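Notes follow the structure.
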Amino acid sequence: MAAIQERWLPVWDELAPFRSGRPDDDRPTKYVLDMFPYPSGDLHMGHAEAYALGDVVARYWVQRGFNVMHPIGWDAFGLPAENAAIKRGEDPVRWTYENIAQQKSSMRRYACSFDWDRVFNTCDPEYYRWNQWFFLRMFERGLAYRKDSNVNWCPNCQTVLANEQVVGGLCERCDTAVTKKKLTQWYLRITDYADRLLDDMQQLEGAWPEKVLLMQKNWIGRSVGAEVQFAIEGRDEPVTVYTTRPDTLYGATFFVVAADSDLASELAAGTPAEAEFTAYLEKVKNESELDRLDASRAKTGVDLQLHAINPVNGERIPVWASDYVLADYGTGAIMAVPAHDQRDLDFALTFGLPVRVVVEAGEDPAVTGVATADDGPHVNSGPLDGLDKADAIDRIVDILRERGTGEPAVNYRLRDWLISRQRYWGTPIPIVHCPACGEVPVPDDELPVRLPPAEGLDLKPKGTSPLGGAVDWVHTDCPRCGGPALRDTDTMDTFVDSSWYYLRYADPQNDEEAFDPEKVRRWLPVDQYVGGVTHAILHLLYSRFFTKVLHDMGMLDFTEPFTRLLNQGMVVMDGSAMSKSRGNLVRLSDELAVHGVDAIRLTLVFAGPPEDDIDWADVSPAGSKKFLARAWRLSGDVTSAPGADPTTGDVELRKATHRAVHDSAVAVESLRFNVAIARAMELVNATRKAIDSGCGPADPAVREAVEAVAVMLSVVAPYTAEDMWSRLGHEPCVALAGWPDVDPALLVEESVICVVQVAGKVRDRIEVPPTISEDELRERALAAPGLVKALEGRGIRTVIVRAPKLVNVVPA
RNA sequence: GCCCCUUUAGCUCAUUGGUAGAGCGCUCCCUUGGUAAGGGCGAGGUACCGGGUCCGAUUCCCGGAAGGGGCUCCA
């Protein structure tokens, strides 16, 4: 096996069958993309699976005559390089590029069908320059902005995190409990695109996993309701609340503002409750995100001893501050309707506040402790009495609008994307802070703002950007007034890098612009994207956002970047994720050494549907190897010459061949690669039989079959296939041999077995032509001996005929 | 708590409103001049359980069980 690998690698290097940028290439195009890897160490089992799957698709479309762009690059910015620098004093640049070289050489041996002419790394200044360029365009459009806010803070990584990077209150990267910190940070206004991110999912219906679409939908969390203004006694400005249930306005018995909002501090100032509030706020600030997420914990709050006025009935209701209301959702203040909202009810019961039912829907919540959210006739609600929910909402919105105290509103769970990071190994934010001019963009012709060398910088996480230590780099002149100014010292979230890399592949060397729109038009959108489900929200949502922004800038003519998405499963061992600490790590390099590249690829692809997890304990690379050897041996048995006319060959074997070629193509196109391989295995078995005990090795049908096997295998086991192709007397590459044409005549069966049933039970089988008429079939079936016997002379009530496969006789 | 998916041979999975299949594994036989291998034969199924529709349900519908996944103070 090793010998075969060594034989063909140099040949493929020479012939470069997967180069997609030849100027005279007039094949139609396809774009197959694997999510690019992060260069931490060498490739592992997960990579091996993902790239084997992507390769099947890419190689298949090449066989079908397409010019396939199947690029690779490296997602090379990020914390591991920095951590290696901190722990072992390595230079992040060297560490990163060495790992890339290592992975690249492993990919070559793994025979990935990448177009090596298109490689780039996101840490190349030639690439991140365009991150900065896009940032500046967004800044000009008001889509990139800085604001002071309570942000997610990971005390371990010592950096801020985007909402998407907080999973269940923990840092996505290191599982540390996330806290809040008030900081001024850069954001991208993804919320402006919330509706389009939602609506455009229609384009992806059926082409992306249902699960991913659902997760994105939940994440965006569009909610429709109304904003209602409440006057506050002793304050000029009214306070607006957001509610999805304006119809329950008459049931509002108190009012709550988020304790950590500016509004709360403002309202508390000067009240007798101020001291109590300040103490409470201190406590709230120290809570971790994890604490806050525990919905079952007791409600807490402070009575601000103020009153809000219900705009519809003039009722005075008490104003409280609590941490169960979020400062950054809606307006940071709510009207509390305890009868019909569980959280409000819990709060009311804790503090002895009144509960008033306004929708008749079951038991009294004040007694049961369970708020009712169902529809029902409204009561205690003045003009809404008797109406159901939908009508009551319409009515109350009309009333509020008339009085100018409210209007319909939409809110999203999605927050703007926080992109500043207080870390070294990322794209510098191209902004200069000038004491006179404020935030000044670095002019385009001064891009890229290069990362200063790590040498001499303190990269240890300490809560402020390491770039601040690069004194010469930080101090600069203001591009606007020329006065002394300071560079922004934060770097961009690395998800910015991956939000547009798929566009750069179409034009990777361009140093005039991020990409030539013409080239992008030729290749994009991506026809098939392959990657892990871990990116269901983060990377995929951000990429969709970038695509829409660039579309609005006139740079793209499509609005969704990835036409079809495949989320491959994980490779696990004995039912759980592989890890060194668990002691169940299977090393890819070991497996490759024992079984060879082809057997490992085949094992991964054949293990099951690609989206399912693979338990390495359940699969058999040795079995894969055995199958490949069995297929390979066929190529030595063929005795007819290349070009032998198959039409004179054995018809039964030819049928098996054409059926297999047809079925496996259908399977590949619907991403059921394991099925495609099963079909190839069946053909290998049929061919073996034909050679040993059928038409014999000289029959041209045998050559046709074996050549078909070689081409089918070429998409998953390239070394074996290439060697077979060579033994069959052909020049390389089998990868470009072309998928065999299917003769439809050979797919038609000459006769089929028809089942003859009595009352649904099979009593006989008869062989009939597939084109048999219903009448003819009925007649023949009724004469079948098994049927006559089963009927035992009973009469017949009905005969159901489903030509040509079945006849069912219902006896009287 | 809410929502979604899955359940077919020992294992991993195909398939189908009408005969339930493949690979691996297993049994046995042949080969011993392809041999740390090769060829062949075979066993193995109440298609999770219970109801319904239908001439006929593993498939469609309803309910339940088991396993997996997602969301969860977002007003």
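Here is the naming used below: chain letters follow the sequence lines, and residue numbers restart at 1 for every chain. Note that the structure is a prediction, hence the values are computed from the model and not measured.
With C55(B), A14(B), A75(B) as the candidates, the nucleotide lying closest to the side chain of Arg672(A) is A14(B). Of the candidate nucleotides C13(B), G23(B), A75(B), A75(B) has the atom lying nearest to any side-chain atom of Leu326(A). Listed nucleotides: C13(B), G23(B), C55(B). Nearest to the side chain of Met681(A): G23(B). Between C71(B), A75(B), A14(B), one nucleotide has an atom nearer to the side chain of Asn674(A) than all others, and that is A14(B). Side-chain atoms of Pro609(A) lie closest to A14(B) of the nucleotides C55(B), A14(B), G23(B). With C73(B), A75(B), U72(B) as the choices, the nucleotide that has an atom nearest any side-chain atom of Asp323(A) turns out to be C73(B).
Using a 4.0 Å heavy-atom cutoff across all strands shown, Thr798(A) reaches no nucleic acid atom at all. As judged by a 4.0 angstrom heavy-atom cut-off over every strand, Val325(A) is placed among the base-contacting residues. Residue contacts shown for Gln342(A) are absent, as no nucleic acid heavy atom lies under 4.0 Å away. Backbone-only engagement by Phe606(A) is indicated by non-hydrogen atom pairs under 4.0 Å involving sugar-phosphate atoms exclusively. Counting non-hydrogen atoms under 4.0 angstrom, Asn411(A) reaches nothing in the nucleic acid. Across all strands shown, Ser624(A) has no heavy atoms under 4.0 Å from either base or sugar-phosphate atoms. When heavy atoms are screened at a 4.0 angstrom cut-off, Ile334(A) is found touching base atoms of the nucleic acid. At the heavy-atom level, Arg415(A) lies under 4.0 Å from base atoms of the strands shown.
Ring pair Tyr329(A)/Tyr412(A): centre-to-centre distance not below 6.0 Å.
Salt bridge status for Arg601(A) with Asp598(A): absent, with no side-chain N to carboxylate O gap under 4.0 Å. At a threshold of 4.0 Å, the pair Asp775(A)-Arg780(A) does not count as salt-bridged, since none of the basic side-chain nitrogens sits closer than that to a carboxylate oxygen. Look at Arg659(A) and Asp663(A) and you find a salt bridge, because one of the NZ, NE, NH1 or NH2 atoms lies within 4.0 Å of a carboxylate O, short of that distance.
Annotation: U46(B) and U53(B) have their P atoms spaced 26 Å apart (nearest Å). When the C1' atom is compared between A43(B) and C24(B), the two are found 16 Å apart, to the nearest whole Å. Taking atom P in both G1(B) and U12(B), one finds a spacing of 30 Å when rounded to whole Å. Nucleotides G17(B) and C61(B) place their C1' atoms 13 Å apart, quoted to the nearest Å.
In this structure G38(B) sits in the anti conformation; its chi angle is more than 90° from 0.
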Report, one pair per line, the protein and nucleotides 26-29 of chain B atoms (nitrogen or oxygen only) whose separation is under 3.5 Å.
none

Pick out the pairs of N or O atoms, protein on one side and nucleotides 38-45 of chain B on the other, that lie under 3.5 Å.
from, atom 1, to, atom 2, distance (Å)
G38(B), O3', Arg633(A), NH1, 3.0
G39(B), OP1, Arg630(A), NH1, 2.5
G39(B), OP1, Arg633(A), NH1, 3.3

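In terms of heavy atoms, Ala327(A) sits closest to Asp260(A) at CB-OD1, 3.5 Å.
Among residues two or more places apart in sequence or in another chain, the side chain to side chain donor-acceptor pair (under 3.5 Å) test is passed with Thr248(A) by none. By the salt bridge (Lys or Arg N to Asp or Glu O under 4.0 Å) test, Asp192(A) is found to be paired with no residue, residues two or more places apart in sequence or in another chain being considered.
Put simply, the side chain of Ser149(A) does not reach to within 4.5 Å of the side chain of Asp328(A), judged on heavy atoms. Here the side chains of Tyr324(A) and Asp344(A) are in contact, with some heavy-atom distance below 4.5 Å. Counting heavy atoms from C-beta outward, Trp632(A) and Leu634(A) have side chains that stay 4.5 Å or more apart. Considering only heavy atoms from C-beta on, Pro246(A) stays 4.5 Å or farther from Leu249(A) through its side chain.
By the 6.0 Å and 45° rule, Lys299(A) does not stack over the aromatic ring of Phe347(A).
Helical stems in RNA chain B, defined as runs of 3 or more consecutive Watson-Crick or G-U wobble pairs with donor-acceptor distances under 3.5 Å: B:1-7 with B:65-71, B:10-13 with B:21-24, B:28-30 with B:38-40, B:48-52 with B:60-64.
Both Gly332(A) and Asp618(A) sit near RNA chain B, but only Asp618(A) has its closest nucleotide nearer the 5' end.
Not a single donor-acceptor contact under 3.5 angstrom links the side-chain atoms of Lys211(A) to the base of C5(B).
The salt bridge (charged side-chain N to carboxylate O under 4.0 Å, His left out) pairs that include a residue from residues 241-256 of chain A are Arg245(A)-Asp247(A), where partners are two or more places apart or lie in different chains.
Here Tyr324(A) does not reach the OP1 or OP2 of A75(B): none of its side-chain N or O atoms lies under 4.0 Å away.
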